[in-house]
Each structure stands twice: as C-alpha cells, then as structure tokens.
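Every chain is numbered from 1, with letters handed out A, B, ... down the list of sequences.
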Number of protein chains: 2
Amino acid sequence: METNTGIIENNKTQMRRGVLEYSILLILAAGDEYASSIIQKLKEVNIIVAEGTTYPLLIRLKKLGLLNYRWEESTQGPPRKYYMITDLGREQLAGLDAAWDELAKGIDTIRKGSKA
Amino acid sequence: METNTGIIENNKTQMRRGVLEYSILLILAAGDEYASSIIQKLKEVNIIVAEGTTYPLLIRLKKLGLLNYRWEESTQGPPRKYYMITDLGREQLAGLDAAWDELAKGIDTIRKGSKA
DNA sequence: TTGAATACCTTGCAATACAAGGTACTGAAA
DNA sequence: TTTCAGTACCTTGTATTGCAAGGTATTCAA
C-alpha cells in the first residue's frame, strides 16, 4: 500500500509543479494577493504548495519582471507583501494560457487513443 | 525577445514534465511501444521530450513494476525494446487519470476567477 | 512577559529533465 | 569489404527547483 500511494502522490506532486507559476500568475491576474493568501487559494482548488516553494518562486517571478509588490500594514500580524502582476506578466500569462490549452489538448488526444 | 521566449519556453517545459509519466502510461495502455516510437507519438501531440529523459524514465517505471518489456527484432536496425504496461501500471494509471482531472478542474476554476 | 497566530524568508537535500556523448546493429553504396 | 547513413539503445554531468525544516519578526491577548 505504501508503494502504491507513493507513486501516485509523487506524480500528483509533479503535475502540480508544472503549473505552479501559471496558476500563481492566474491568481494575481484576478487581483493582488500576498504569499499566504495565494497558498490558501491554491489549496482551495486542491493544488497544495509549500511555503518553501512559494516564496522563492515569487521572488523569481519578481526578478523576471512578471510581478511587483508593495507592503501593506495588517491589523492582525506583521505587514503583508502584496504581489501584483505587471504588463509583462500579463503578456507571459497569455502565452501560458496557450501552452496549457495545448498540453490539455495533447493529453486528451492520447487519452482517447488509449480508450480504443 | 530572447527573454520573453525564454520564460514561456521554460514554463512549457515544466508543464510537460509534470505529465510525462502519465502520458507514457497512457500511450502504453493503448498498446506496446518502444522508446523511439513513444517519443514520436508524444511529438505528434506537441509534447516534446528528449531521449535522455525518456530512457531513464522507462527504466524507472520498469523498476517500480508499472512496466515490463520484451525484445523484438527489427528488419531496419538494432532490436527494439517493446514496453508494455502491467496490471499495477493500469491501477496507477487510473489514479493518475483522477489526478489529471482534478488538476485540470483546479486550473479551470482559477482561470474563471481571473476573468471576472 | 509569555504564548498564539500570522507572515515573512533561507538552507540543504533530493529528484529529475536534458544536452551531449557513446555503443551497436542493419543495409546500401563505394 | 569497408564505409556511411539510419535506427535504436543507454549513460554522464549539469542545472533547476520543490520542499521539509528551521529561523525571524510583528501583533494582540492573557
């Protein structure tokens, strides 16, 4: 049982990895968010991601010019770093939309083939 | 232009990565294939994968018990190693089908949110 | 002043995709 | 018979990157 679960879990993780940047850009395209709220939103659609993954990723996307951020005070804890998508980010997002569509279409095609 | 292409290309690659094992299992669920023909079939649906990725992956899946293989002579070159999916492989594939559906659904949900 | 909740970030390990380079078999051309 | 092109297999080394674990800092309430 251990083994079975391991293989599947591992693969689910891998699948998520591929779309992480994409889904973060999608979320930020809908509105500014801070890291913890992004993680929360992803969890809500069953895309589980760790802090140790998210923070470096946001920093990377910022460095690439796809995101920017601003600090905002919070009444319930430390200040929050709100990330927002840039124009370049939106451009890239359009490309990722297309990439996702293509991938989903590809998988669909193979899937149909295996159901013959 | 270089930068833009780089970001997108990089992401497309990452997306593909996540579904590689899944798509290979799907292909083999439809019939036995050898490495080169698997690569070819993936290319046909725009999932580009290198030899250096595929061979180690097939060996890994064999070790995990999801695949087996048999040698078969070819009239146009060296013998071919035909891989076939095992019962365990089919079990795992069912799990990956579910994982893919869940991921696709998740992305779809986020996508709708960003179009508000 | 202590503790819980929230939020930020870094370090080190492990997994793995892939470019590049290598081996080996077949059949045809030189 | 040697050479070359085509096909097919595989390995090595590098770079990327997800994540568990550990760390810092702020707020508020007890």
> Under 4.5 Å between side-chain heavy atoms, hopping through other hydrophobics if needed: is there a path connecting A/Y34 to A/I59?
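In one cluster: no.
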> How many Å lie between CZ on B/R17 and C1' on C/dC18, as a whole number?
8 Å
> Is any side-chain nitrogen or oxygen of A/Y34 closer than 4.0 Å to OP1 or OP2 of C/dC8?
no
> Is it true that B/Y22 and B/D97 share a donor-acceptor pair across their side chains at a distance under 3.5 Å?
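The answer is yes; a qualifying pair exists.
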> Please figure out whether A/T75 or B/Q14 has its closest DNA chain D nucleotide nearer the 5' end.
B/Q14
> Over how many whole Å does the gap from A/E33 atom CD to C/dC8 atom P extend?
11 Å
> Over how many whole Å does the gap from A/L61 atom CG to D/dT17 atom C1' extend?
13 Å
> Measuring from the side chain of A/Y55 (C-beta onward, heavy atoms only), which nucleotide among D/dG6, D/dT11, C/dC9 has the closest atom?
C/dC9
> Identify which nucleotide among C/dA17, D/dT11, D/dA20 has an atom closest to any side-chain atom of B/P56, counting heavy atoms from C-beta outward.
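Closest nucleotide to the B/P56 side chain: D/dT11.
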> About how many Å separate CD1 of B/I107 and CD of B/E102, when rounded to the nearest 0.5 Å?
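The distance works out to 11.5 Å.
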> Toward the 5' end of DNA chain C, which comes first, A/R80 or B/G52, by nearest nucleotide?
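That would be A/R80.
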> Hey, what do you get for CG (B/N11) to CG (A/L20), rounding to the nearest 0.5 Å?
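It comes to 10.0 Å.
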> What's the closest nucleotide to the side chain of A/K81 if the choices are C/dC9, C/dA19, D/dA8?
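It is C/dC9.
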> Find which nucleotide of DNA chain D each of A/L57 and A/G77 is nearest to by heavy atoms, and output the residue with the more 5' nucleotide.
A/L57
> In this structure, how many angstroms lie between the P atom of C/dA17 and the OH atom of B/Y22, rounded?
17 Å
> Just the rounded figure in Å: distance from C1' of D/dG18 to CG of A/N11.
15 Å
> In whole Å, what is the span from the CD1 atom of A/I39 to the C1' atom of D/dA20?
14 Å
> Base, sugar-phosphate alone, or nothing: which one does B/T53 contact when heavy atoms must sit under 4.0 Å apart?
base
> Can a salt bridge be assigned to the pair B/D101 and A/R111 using a cut-off of 4.0 Å between side-chain N and carboxylate O?
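Yes, this pair counts.
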> Checking all strands, does A/R60 fall into the base, sugar-phosphate, or nothing category for heavy-atom contacts under 4.0 angstrom?
sugar-phosphate
> Where the side chain of B/Y83 is defined as all heavy atoms beyond and including C-beta, which of C/dC8, D/dC10, D/dT7 is the nearest nucleotide?
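Nearest to the side-chain atoms of B/Y83, counting from C-beta on, is D/dC10.
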> For A/T13, report the nucleic acid contact type (base, sugar-phosphate, nothing); a contact means any heavy atom under 4.0 Å.
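Sugar-phosphate contact only.
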> Find the distance B/K63:NZ to C/dT16:C1' and express it as a whole number of Å.
14 Å
> Considering every strand and a 4.0 Å limit on heavy-atom distances, what is the contact class for A/E51: base, sugar-phosphate, or nothing?
base
> Within the side chain of A/S74, is there an N or O that forms a donor-acceptor pair under 3.5 Å with the backbone of A/P79?
no
> Measure from the side chain of B/S36, starting at C-beta and using heavy atoms only, and say which of D/dT26, C/dA17, D/dC9 lies closest.
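The answer is D/dC9.
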> Measure CD/A/E72 against P/C/dA7 and give the value in whole Å, please.
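In whole Å, C/dA7 P lies 12 Å from A/E72 CD.
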